[in-house]
Protein chains: 2
Amino acid sequence: MDAIDYKILKILQKNARETASNISKEIHLSVSAVIERIRKMEETGVIKEYTIIVDEKKTGNEMTALMEVSLEHPKFFDSFADAIQKLEYIVSCYYQTGDFDLIIRISCHSSDELEEIHRQVMSLPGVDATRTHVVLKNVKNIYSAIRRPDK
Amino acid sequence: MDAIDYKILKILQKNARETASNISKEIHLSVSAVIERIRKMEETGVIKEYTIIVDEKKTGNEMTALMEVSLEHPKFFDSFADAIQKLEYIVSCYYQTGDFDLIIRISCHSSDELEEIHRQVMSLPGVDATRTHVVLKNVKNIYSAIRRPDK
DNA sequence: AATGAAACCGTTCCGAT
DNA sequence: ATCGGAACGGTTTCATT
């Protein structure tokens, strides 16, 4: 993982379908060298996935909510984590320090659906309390920071 | 945006580099029809971006924190929104209802860096109070839900 | 690890339905 | 809007350094 790899990652972060031949022009390396570097980053798991970002307004899931969740006991964590993997409307979930144990991000199409989702989450085993925040504006959302740690 | 488009989106969400020829086999449509549908979804903005998900542990940004931020006055919103676009370590930001006006997700490499980031965010114009949560585990993180709204 | 050349395969364009 | 064919361009493999 040298500076060239980070350059390639940033290019792919901007456009995961950028061709190796264009990347090779941009970073002044041969096509085969670029492909070989990408292949290695896939193999070693540096690149975990290629994905798309869709316009949630246009796909009908324009409502976003953040729900803080606390569990009755840490023993419920595993089953909770399992359950939320299967719930499509939950797009992210973090286990965190603070008053609430977890925070989840929900993507849905209406406040009616949000209410239903709220009930579903509340009824998962071990869920103690929740606090819901409706997102008024999605100010920024990228997947991960790609910043080379000092040299 | 019919059921076939949603199928294509889901395939691309799993692998944005899936070839049109493979997609065409999976959904029983000709290669040119698949390409034409993708082209239209790009043009109309349904597909906003192709991107990669990297392993943050392997790229040296394995620390995640969530920071709630409140502003002294709503008039500071625009400048705050502008400022955080430029801050690479801030990967997401939501304007929300509740005690705090905003919540941001931070990706960094150490608690020392987090402390420095905390000071930087605190010193942005109009920032009133912050509350920071360290993420102990990233339980789930996909970009957006792709769910076809009832038929 | 990087390079260039050749074979291969996917994409793009186009005319037809 | 979909289809299949032909030309094009990108990828993959390999021998070489």
Side-chain angles (χ1 to χ4, degrees), chain A residues 1-61 109 143-144 146-151, chain B residues 1-61 109 143-144 146-151:
Chain A
M1 286 295 299
D2 59 10
I4 299 172
D5 285 331
Y6 276 90
K7 271 190 196 172
I8 294 173
L9 286 180
K10 283 194 169 190
I11 293 169
L12 290 175
Q13 187 181 37
K14 257 191 250 159
N15 179 14
R17 296 190 94 156
E18 193 57 88
T19 59
S21 88
N22 280 338
I23 298 172
S24 86
K25 283 164 204 154
E26 206 170 326
I27 64 173
H28 308 288
L29 207 66
S30 74
V31 175
S32 14
V34 170
I35 290 177
E36 181 61 13
R37 277 170 178 270
I38 293 174
R39 204 195 53 72
K40 277 198 184 143
M41 289 193 286
E42 289 168 354
E43 201 182 66
T44 57
V46 172
I47 297 174
K48 281 161 76 177
E49 224 176 294
Y50 296 91
T51 192
I52 53 170
I53 300 176
V54 302
D55 187 327
E56 292 177 335
K57 285 182 190 134
K58 286 167 184 155
T59 49
N61 289 294
H109 53 78
Y143 216 99
S144 38
I146 296 178
R147 299 190 296 143
R148 183 157 195 237
D150 14 87
K151 264 151 284 160
Chain B
M1 287 295 300
D2 58 9
I4 298 173
D5 284 330
Y6 276 89
K7 269 191 197 171
I8 295 174
L9 286 180
K10 284 194 169 190
I11 292 169
L12 290 175
Q13 187 181 37
K14 256 191 252 161
N15 178 13
R17 296 191 94 158
E18 192 58 87
T19 60
S21 88
N22 280 338
I23 297 173
S24 87
K25 283 165 204 153
E26 206 170 324
I27 64 174
H28 308 288
L29 207 67
S30 74
V31 175
S32 17
V34 170
I35 290 177
E36 182 60 14
R37 278 169 176 271
I38 293 174
R39 203 195 55 72
K40 279 199 182 142
M41 290 194 283
E42 289 169 353
E43 202 181 66
T44 57
V46 173
I47 297 175
K48 282 161 76 178
E49 225 177 294
Y50 296 90
T51 192
I52 53 170
I53 302 176
V54 302
D55 187 327
E56 292 178 334
K57 285 181 190 137
K58 286 168 183 153
T59 51
N61 289 295
H109 55 76
Y143 211 95
S144 39
I146 296 178
R147 297 190 296 143
R148 181 154 196 238
D150 15 88
K151 268 148 277 154

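What you see is a predicted model, and the numbers here were worked out from it, not measured in a lab. Chain naming here is simple, since letters A, B, ... match the order of the sequence lines and numbering starts at 1 in each. When reading the values below, keep in mind they use all heavy atoms of this one structure, side chains included, and skip hydrogens, waters and symmetry mates.
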**Q.** Options D:dG10, D:dT12, D:dT2, nucleotide nearest the side-chain atoms of B:S30
**A.** D:dT2

Q | D:dG4 base / B:S32 side chain donor-acceptor hit below 3.5 Å | A | yes

Q | Side chain B:T51, main chain A:A16, donor-acceptor under 3.5 Å | A | no

Q: Compare the minimum distances between each of C:dA2, D:dT11, D:dT2 and the side chain of B:L29, then state the nucleotide with the smallest one.
A: D:dT2

Q. Under 4.0 Å between a Lys/Arg side-chain N and an Asp/Glu carboxylate O for A:E42 and A:R39?
A. no

Q. Hey, what bend do you get for the helix from C:dA1-D:dT17 to C:dT17-D:dA1 if you fit axes on five pairs at each end, rounded to 10°?
A. 30°

Q: Could you state the atom-to-atom distance from CD of B:E36 to C1' of C:dC13 in whole Å?
A: 11 Å

Q) Between B:I35 (CD1) and D:dC3 (C1'), how many Å, whole number? A) 13 Å

**Q.** Side-chain donor or acceptor of B:Q13 paired with backbone N/O of B:S144 under 3.5 Å
**A.** yes

Q: Would you indicate which nucleotide in C:dG10, C:dT12, D:dT12 comes nearest to any side-chain atom of B:S21?
A: C:dG10

Q | A:R37, A:K7, A:R148 screened by salt bridge (charged side-chain N to carboxylate O under 4.0 Å, His left out) with A:D2, the one that passes | A | A:R37

Q | Evaluation steps, side chain to side chain contact (heavy atoms under 4.5 Å, CB included), between A:M1 and A:T44 | A | CA-CA 11 Å; A:M1 286 295 299; A:T44 57; over 6 Å; no

Q. Quick one: which of C:dT11, C:dA5, D:dT2 gets closest to the side chain of B:T19?
A. C:dT11

Q: Starting at NZ of A:K14, measure out to CD1 of B:I52 and round the result to the nearest 0.5 Å.
A: 12.0 Å

Q: May I have the distance from A:I23 (atom CD1) to D:dT12 (atom P), rounded to whole angstrom?
A: 12 Å

Q) Does A:K25 offer a backbone N or O that forms a donor-acceptor pair with the side chain of A:N22 under 3.5 Å? A) no

(Q) Between A:Y50 and A:R17 (side chain of the first, backbone of the second, donor and acceptor by atom type, cut-off under 3.5 Å), is there such a pair? (A) no

(Q) So B:N15 and B:I11, do their side chains get closer than 4.5 Å, heavy atoms only? (A) no

Q | Protein-nucleotide distance (A:K25, atom NZ; C:dT3, atom C1'), rounded to Å | A | 16 Å

Q: Identify, residue by residue, the members of residues 38-50 of chain A with a heavy atom below 4.0 Å from DNA chain C, and return them in order of residue number, or none.
A: A:K40

Q: Please figure out whether B:D2 or B:R17 has its closest DNA chain D nucleotide nearer the 5' end.
A: B:D2

Q) When all nucleic acid strands are considered with a 4.0 Å heavy-atom cut-off, which category describes B:A33: base, sugar-phosphate, or nothing? A) sugar-phosphate

